[in-house]
Amino acid sequence: MTDSQGTPRKGEPPATAPDAVAAWRRLVDGAVLLDGFHALKHALRFGAEVPVAVAADKAAALALADDLAPDVRDTLAGLLTEVPQETYASLVPRPHPTAVAALAVRPSRAGNLERLTRTPRTAPVVVLDQPRNLGNAGAVIRLAAGFGATGVVTTGTLDPWHPTVVRGGAGLHFATAVERLAVDELPAGPLFALDPEGEDIRSLKLPDDALLAFGSERTGLTPELRARADHLVALPMRPQVSSYNLATSVAMTLYHWSAFGGAPD
């Protein structure tokens with residue numbers, strides 16, 4: 001058995017490789033895959049419950065922790081179970097260069113919604129309007145966590161907890177509130193939607209309780225979200241340049257917000 005951080009309880013022996021694999025098979029369908037050392041490191045830092053974690057080379061993983069994450073090194077030492085390389089590779093869709101993987105308990109939807117709707121907000125919510133690219137969505141979640149955003153909401157069919165999104169977010173889903181909602185379910189607050197026809201962002205101050213909405217790179221904002229918007233906002237862009245990458249647009253917008261004194265603290 002493990003505690004809420006995934007560390008074996010005092011007095012209990014560490015899991016054997018067969019134990020870890022059996023636990024993995026039992027839990028995998030309902031769990032969040034943490035793919036690689038950095039995803040596991042970030043998840044642990046932000047309080048994820050991790051019932052099982054494996055490494056093809058535990059000593060190498062702990063050496064990484066010594067260099068890059070000494071704050072979670074002891075937790076990893078108790079949590080990681082070494083398994084053969086071929087066993088590790090059989091557990092994940094695509095082996096990670098660090099040969100580390102773990103399963104985490106997904107935060108409750110009710111808890112995330114409480115965080116997203118709590119007022120007053122001290123940091124914006126990022127809204128991705130019908131995103132299409134899983135990797136781009138993960139990069140946005142990583143940015144939002146770094147800037148201390150309240151959360152990231154997606155509309156449409158993309159699952160923001162898809163393993164590829166979590167991989168792109170480097171496990172930082174656990175540092176912010178990530179949920180999928182319909183446009184009419186978005187949290188309260190002034191909605192600033194990025195659009196080439198909008199007002200130049202350099203003339204605006206974005207409030208802490210803003211919803212910052214971004215359309216897909218190919219089709220832009222949906223009519224439903226555009227109708228919900230309180231303000232259309234444009235990023236500075238040289239003529240004849242078509243668009244910015246989604247993550248770049250989010251980074252520019254969050255930086256503009258933070259330049260007026262928003263998080264991080």
Side-chain angles (χ1 to χ4, degrees), residues 24 27-53 91-98 100-113 115-116 123-183 185-187 194 211-222 225 244-251 253-254:
W24 189 287
L27 298 170
V28 64
D29 287 342
V32 177
L33 174 63
L34 298 174
D35 196 5
F37 173 84
H38 299 291
L40 176 56
K41 167 194 73 178
H42 282 138
L44 290 173
R45 280 178 174 167
F46 291 97
E49 182 180 348
V50 181
V52 59
L91 298 176
V92 296
R94 181 171 51 139
H96 191 275
T98 59
V100 171
L103 297 178
V105 176
R106 179 170 172 169
S108 74
R109 180 174 173 85
N112 275 341
L113 291 178
R115 291 174 64 187
L116 289 166
V125 173
V126 174
V127 179
L128 302 183
D129 188 27
Q130 297 201 5
R132 295 286 184 264
N133 186 284
L134 296 166
N136 281 348
V140 168
I141 291 165
R142 189 171 185 174
L143 278 165
F147 276 100
T150 295
V152 177
V153 169
T154 64
T155 70
T157 59
L158 182 144
D159 177 8
W161 286 87
H162 186 282
T164 302
V165 183
V166 177
R167 182 173 178 142
L172 284 163
H173 284 60
F174 293 91
T176 190
V178 178
E179 286 296 334
R180 178 169 51 180
L181 299 173
V183 171
E185 296 174 321
L186 292 176
L194 276 289
L211 307 180
L212 305 176
F214 303 82
S216 71
E217 293 166 3
R218 179 170 297 181
T219 60
L221 299 166
T222 61
L225 191 137
Y244 294 120
N245 172 273
L246 175 62
T248 300
S249 297
V250 174
T253 304
L254 286 174

Ignoring hydrogens and geometry, is there a side-chain-to-backbone donor-acceptor pair from T164 to G135 under 3.5 Å? no

Can you name the nearest heavy-atom pair linking A213 to L221, along with the distance? O-CD2, 4.3 Å

When you measure from the side chain of H42 to the backbone of A170, do you find a donor-acceptor pair of N or O atoms at a distance under 3.5 Å? yes

Straight-line distance of N136 CG to I141 CD1, nearest 0.5 Å: 11.0 Å

With rounding to the nearest 0.5 angstrom, report the CG to CG distance, L211 to L186. 6.0 Å

Atom pair CH2 (W161) and CZ (R180), whose distance is rounded to the nearest 0.5 Å: 13.0 Å

Measure the shortest side-chain to side-chain distance between L246 and N133 over non-hydrogen atoms and say whether it is less than 4.5 angstrom. no

Would V28 and L91 count as a side-chain contact (heavy atoms from CB on, under 4.5 Å) if you check the C-alpha gap in whole Å, the side-chain angles of each, and the deciding distance to 0.1 Å? CA-CA 9 Å; V28 64; L91 298 176; over 6 Å; no

Smallest separation among heavy atoms of L143 and A247, with atom names: CD1-O, 3.2 Å

Looking only at non-hydrogen atoms, find the nearest pair between A48 and A104 and report the distance. CB-CB, 4.5 Å

Check the pair L113 / R109 against side-chain contact (heavy atoms from CB on, under 4.5 Å), numbers first and verdict last. CA-CA 6 Å; L113 291 178; R109 180 174 173 85; 3.9 Å; yes

Heavy-atom donor-acceptor pair, T155 side chain to Q130 backbone, under 3.5 Å: yes

Interatomic distance, L134 atom CG to D159 atom CG [nearest 0.5 angstrom]: 8.5 Å

Which atoms form the tightest heavy-atom contact between H173 and V178, and what is the distance? CD2-CG1, 3.9 Å

What distance do F147 atom CZ and R142 atom CZ have between them, rounded to the nearest 0.5 Å? 13.0 Å

P160 side chain reached by V152 side chain, heavy atoms, under 4.5 Å: no

Quick check on side chain to side chain contact (heavy atoms under 4.5 Å, CB included): which of L103, L34, V105 does V50 satisfy it with? L34

If you take all heavy atoms of G151 and T176, which pair is closest and at what distance? CA-OG1, 3.1 Å

Can you find a pair of side-chain heavy atoms, one from L181 and one from P187, that are under 4.5 Å apart? yes

Working for side-chain contact (heavy atoms from CB on, under 4.5 Å), residues L212 and L254: CA-CA 9 Å; L212 305 176; L254 286 174; 3.9 Å; yes

What's the separation between atom CG in L33 and atom CZ in R94, rounded to the nearest 0.5 Å? 11.0 Å

Minimum heavy-atom separation for L158 to T154, with atom names? O-OG1, 3.6 Å

Taking only residues two or more places apart in sequence or in another chain, which ones pass salt bridge (Lys or Arg N to Asp or Glu O under 4.0 Å) with R167? D35

Before you tell me yes or no, could you show the steps for F214 and T253 under side-chain contact (heavy atoms from CB on, under 4.5 Å), namely the whole-Å CA-CA distance, both residues' side-chain angles and the distance that decides it to 0.1 Å? CA-CA 10 Å; F214 303 82; T253 304; 3.5 Å; yes

